[in-house]
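Since we're looking at a predicted model, the values are computed, not measured. Values below: all heavy atoms of this structure, side chains included; hydrogens, waters and symmetry mates excluded. Below, chain A is the first sequence line, B the second, and so on; all start at residue 1.
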Amino acid sequence: MGFYVRFSSSVDARQVFGEMTKRSLYQWNTLLKSLSRDKQWEDVLCQFGQMVRDEEKPDNFTIPVALKACGELREVKFGEMIHGFVKKDVTFGSDLYVGSSLIYMYVKCGRMAEALRTFDELEKPDLVTWSSMVSGFEKNGSPFQAVEFFRRMAMASDVCPDRVSLITLVSACTKLSNSRLGRCVHGFVMRRGFSNDLSLVNSLLNCYAKSRAFKEAVNLFKMMVEKDVISWSTVIACYVQNGAASEAFRVFSEMMDNGTEPNAATMLSVLQACAAAHDLEQGRKTHELAIRKGLETEVKVSTALVDMYMKCFSPEEAYAVFSRMPKKDVVSWVALISGFTFNGMAHRSIEEFSMMLQEDKTRPDAILMVKVLGSCSELGFLEQAECFHSYVIKFGFYSNPFIGASLVELYSRCGSLGNASTVFNEITSKDTVVWTSLITGYGIHGKGTEALETFNRMVTSSGVKPNEVTFLSILSACSHTGLIHEGLRIFELMVNDYRLVPNSEHYAVLVDLLGRVGELDAAIEIIKRMPFSPTPQILGTLLGACRIHQNGEMAETVAKKLFELESYHAGYYMLMSNMYGVKGEWENVEKLRNSVKKRGIKKGVAESLIEIRRKVHRFVADDDLHPNKEPVYGLLKELDLHIKDLENSAYLESEVDSL
DNA sequence: GTTTCCTAGA
C-alpha cells in the first residue's frame with residue numbers, strides 16, 4: 001500500500017493511525033517522530049510499547065526517538081531496557097545516532113557513569129557524541145570535567161569543534177565562573193569565523209555576565225550587530241545582578257523600543273530588577289505587561305511575580321498572585337514561604353509550609369527546607385525546631401551542608417546552644433558556612449569566649465578557611481562581649497593573614513567595638529582611614545556610641561551627616577531625640593519630632609516572641625498604634641533612656657497558633 | 001527521516 005501523509009500535528013497522526021489495522025515500520029516511525037516534535041513524551045513511550053507488542057522491530061530511527069522521550073521523562077528504567085535491546089543487536093553497535101541518544105538519555109537522568117561507559121564502548125565517536133559528553137558533564141555539575149573532555153575532543157585529530165560544541169564549552173566556562181577561559185574561547189570563536197553566530201555570541205555574553213566580567217559583557221553587547229530576545233534578556237539580567245536596577249529598566253525599554261518582543265525570561269529579569277529596587281509601581285506595571293503578553297500564567301513568571309511583590313513589601317498582592325497560579329512548583333513555594341518571613345510574617349511561612357505538605361503534595365527540596373528552617377529560626381520556636389529537625393532526617397536532607405548550617409543557626413536562635421553544637425558535631429564535612437553558623441550562634445548569645453574558641457579551632461585545625469561572613473560573626477561576637485583586644489587582633493588577622501577586604505559591615509562592627517569602650521577618637525580615626533565614605537550604618541553605630549558615652553557635641557556632628565545620607569530611618573531620629581531628652585533639651589526633641597512627622601517617617605514595628613506552653617506569643621511594640629497616647633518624649637524624663645526599652649514600652653499581644 | 005547548543009529559585 002502506497003501511503004504518504006504529511007501530518008500537520010500529532011493529533012491528526014494518531015487519528016489516521018487509529019483507523020489502520022497493520023502499520024509498517026516506516027509508519028510507526030512517522031507517528032513517533034510527529035509525537036516527539038510536539039513534545040508528547042508519554043505518548044511516544046506508549047506508542048513505542050505498543051509497537052513492540054505488535055512485534056514490529058524498532059530500527060535505528062525508532063530508537064533515538066524513544067530514548068529522547070526517556071531522557072525528557074527521566075525514565076531511566078525504560079531507557080536501560082532499550083539499551084539492553086540495543087546491546088543484543090550488533091547492527092546498532094556502530095550507529096552513532098543510537099549511541100549519542102543513549103548518552104543523552106543517561107545524561108538527562110543524571111547517570112554520568114553510564115553515559116561515560118556508553119561513550120567508551122563506541123568504536124569511533126564523532127563530534128556529536130563527544131559534544132553530548134561535554135554537555136553531560138556541564139549539565140550534571142562537573143563543568144571542570146566538561147572542559148577537560150572538550151580538550152580531549154579537540155586533541156583527537158578526526159573531529160573539529162563546531163558551533164554547538166563551542167556553545168557547550170562556553171556554558172561550562174560560565175558554570176566555572178571563569179571569564180578568563182571565556183575570553184580564550186571568545187578569541188578562538190573570532191579566529192574560526194564564528195563571530196556572527198548569534199547563539200554562540202549570546203552564550204559568551206552570558207559567560208561574561210555571570211563571571212563578574214561586567215565591562216566585557218556590556219562591551220560585547222554594544223558591539224553586537226544582531227541581537228535577539230536572549231541577548232537583551234541576558235544583559236538585563238547582568239545589570240540586575242550587578243545591582244544596577246535602573247540600568248536594567250533602561251535597557252528593557254530600549255529593547256521594547258527596538259521592537260523585540262519580551263519572553264518569559266525577559267520578564268523574570270525585569271521582575272528581579274523591580275524586586276531589587278523595591279519598586280512596587282514598576283513591579284505592578286511589569287505585572288500588567290506580563291498579563292498583556294500572556295506570560296503571567298507561566299510558572300516561572302508567576303513565581304517571579306510572587307517574589308517581586310514580597311520584596312516590594314506587599315505580601316497581600318504576592319499571595320493573590322500565588323493563589324491564582326494554576327500550577328505551582330517547589331520554587332513557587334520557596335518564593336511564598338521565604339517572602340512571608342522577609343515581611344516579618346514567619347508564622348505565615350510555617351502555616352503555608354504545612355499547607356503545602358497537606359494539600360499540594362509538593363515534595364520539599366533542600367532549598368525549601370533551608371527557607372523553612374530560616375522561618376522557624378525567626379520565630380525562635382524550639383518545639384517546632386525539633387519537629388523540623390526530625391523531618392530533615394526523615395527525608396534525607398541531613399547530609400546537605402546548607403541544611404546542616406541552617407539547623408545549627410536555628411538551634412542557636414532558639415537558645416538551644418547544646419543542640420546547636422550537637423548538630424554541628426554530627427556534620428561530617430563541615431564547610432565555612434557550618435563553622436560560621438556555630439560562631440554566630442555563640443555570638444548572639446553573648447558567649448564570646450566560646451565563639452573565640454570555636455573560631456580558633458576553625459583556623460588552627462579544621463582546614464576550612466574563614467570568609468568575610470565568618471569574620472563579621474566573630475568580630476561582632478567580640479564586640480558584644482567586650483573582647484576589644486581580641487576583636488582588634490582578629491580584624492588584623494582578616495586583613496593581613498587572610499587578605500580579605502573588609503566591607504562596611506566589618507567597619508561598622510569595628511566602630512561598635514571601639515565605641516562600646518568609649519574609644520570614640522579611635523573609632524573616628526578608623527572611619528577616616530576607610531577606603532570608602534562612611535555608610536549610614538557606620539555613622540549610626542558611632543551615634544549610638546556617642547549616646548552611651550554622652551558625647552553630645554560629637555553626636556550632633558554625626559547626626560547631621562547621617563540625616564543627609566539616610567533621611568528615612570526612624571531609628572536614628574529616635575537615638576538623637578533620646579539624646580536631647582536626656583539633657584532635657586525638649587525644644588530640640590520637638591523640632592526633630594516635627595521633621596520626622598513632616599517627612600512621613602514611620603518607626604518600624606518592634607516585635608518580641610516568646611514561647612509559653614508550646615505556643616508562640618507575639619508582642620508588637622508600637623506607640624503609633626495608640627493615637628491618643630501622650631507623645632513619647634513626655635515619658636522620657638521618667639523612663640530609662642535605652643532605645644530598646646523605649647521600643648518595648650507598649651505591647652500588643654496576638655497569638656500565633658502553633659502547628 | 002534521527003543525535004549535541006544560548007536566558008531562568010539558595
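Using a 4.0 Å cut-off, no side-chain N or O of S165(A) falls inside it from OP1 or OP2 of dT4(B). Within the 4.0 Å cut-off from OP1 or OP2 of dA8(B), not a single side-chain nitrogen or oxygen of Q272(A) is found. Checking the phosphate oxygens (OP1, OP2) of dA8(B), a side-chain nitrogen or oxygen of K210(A) falls inside 4.0 Å. The phosphate of dG9(B) (OP1 or OP2) has no side-chain N or O of K311(A) nearer than 4.0 angstrom.
If you measure from atom CG of D307(A) to atom P of dG9(B), you get 9 Å, rounded to the nearest angstrom.
For D365(A), counting side-chain heavy atoms from C-beta on, the closest listed nucleotide (dT2(B), dG9(B), dG1(B)) is dG9(B). Each of dC6(B), dG1(B), dT4(B) was ranked by its minimum atom distance to the side chain of V128(A); first place goes to dT4(B). Nearest to the side chain of S132(A), among dT4(B), dC6(B), dA8(B), sits dT4(B). Of the listed nucleotides (dT2(B), dC5(B), dG9(B)), dG9(B) has the atom at the smallest distance from the side chain of I367(A). For F61(A), whose side chain is taken as the heavy atoms from C-beta onward, the closest listed nucleotide among dT2(B), dG9(B), dC6(B) is dT2(B). The side chain of S100(A) approaches dT3(B) more closely than any other nucleotide in the set dC5(B), dC6(B), dT3(B). In the set dT4(B), dA10(B), dA8(B), the nucleotide with an atom closest to the side chain of K68(A) is dT4(B). Taking the side chain of S131(A) as heavy atoms from C-beta on, and the options dC5(B), dT4(B), dA10(B), the nearest nucleotide is dT4(B). Nearest nucleotide to the N29(A) side chain, out of dG1(B), dA8(B), dC5(B): dG1(B). You'll find that the side chain of V330(A) is closest to dG9(B), out of dG9(B), dC5(B), dT3(B).
Residue-to-nucleotide contacts include no donor-acceptor pair under 3.5 Å from the side chain of S101(A) to the base of dT3(B).
Counted by atom type alone, T234(A) and N206(A) present zero donor-acceptor pairs between their side chains at under 3.5 Å. If you check the side chains of S211(A) and S179(A), you find no donor sitting under 3.5 Å from an acceptor.
Within the nucleic acid shown, T234(A) comes within 4.0 Å of sugar-phosphate atoms alone, with no base atom in reach, counting heavy atoms only. Here N60(A) lies in heavy-atom contact (under 4.0 Å) with a base. Across all strands shown, V334(A) has heavy atoms under 4.0 Å from base atoms, whether or not it also approaches the sugar-phosphate.
Ionic pairing of R23(A) and E56(A) is not present here: no N-O contact between side-chain nitrogen and carboxylate oxygen is shorter than 4.0 angstrom.
For an aromatic pair to be called close, the ring centres must be under 6.0 Å apart, and F149(A) with F144(A) fails this.
Geometrically, K33(A) does not engage F61(A) in a cation-pi contact, judged by NZ or CZ lying under 6.0 Å from the ring centre and within 45° of the ring axis.
Both geometric conditions, a ring-centre gap below 5.5 Å and a plane tilt below 30°, are fulfilled for Y97(A) over the base of dT2(B).
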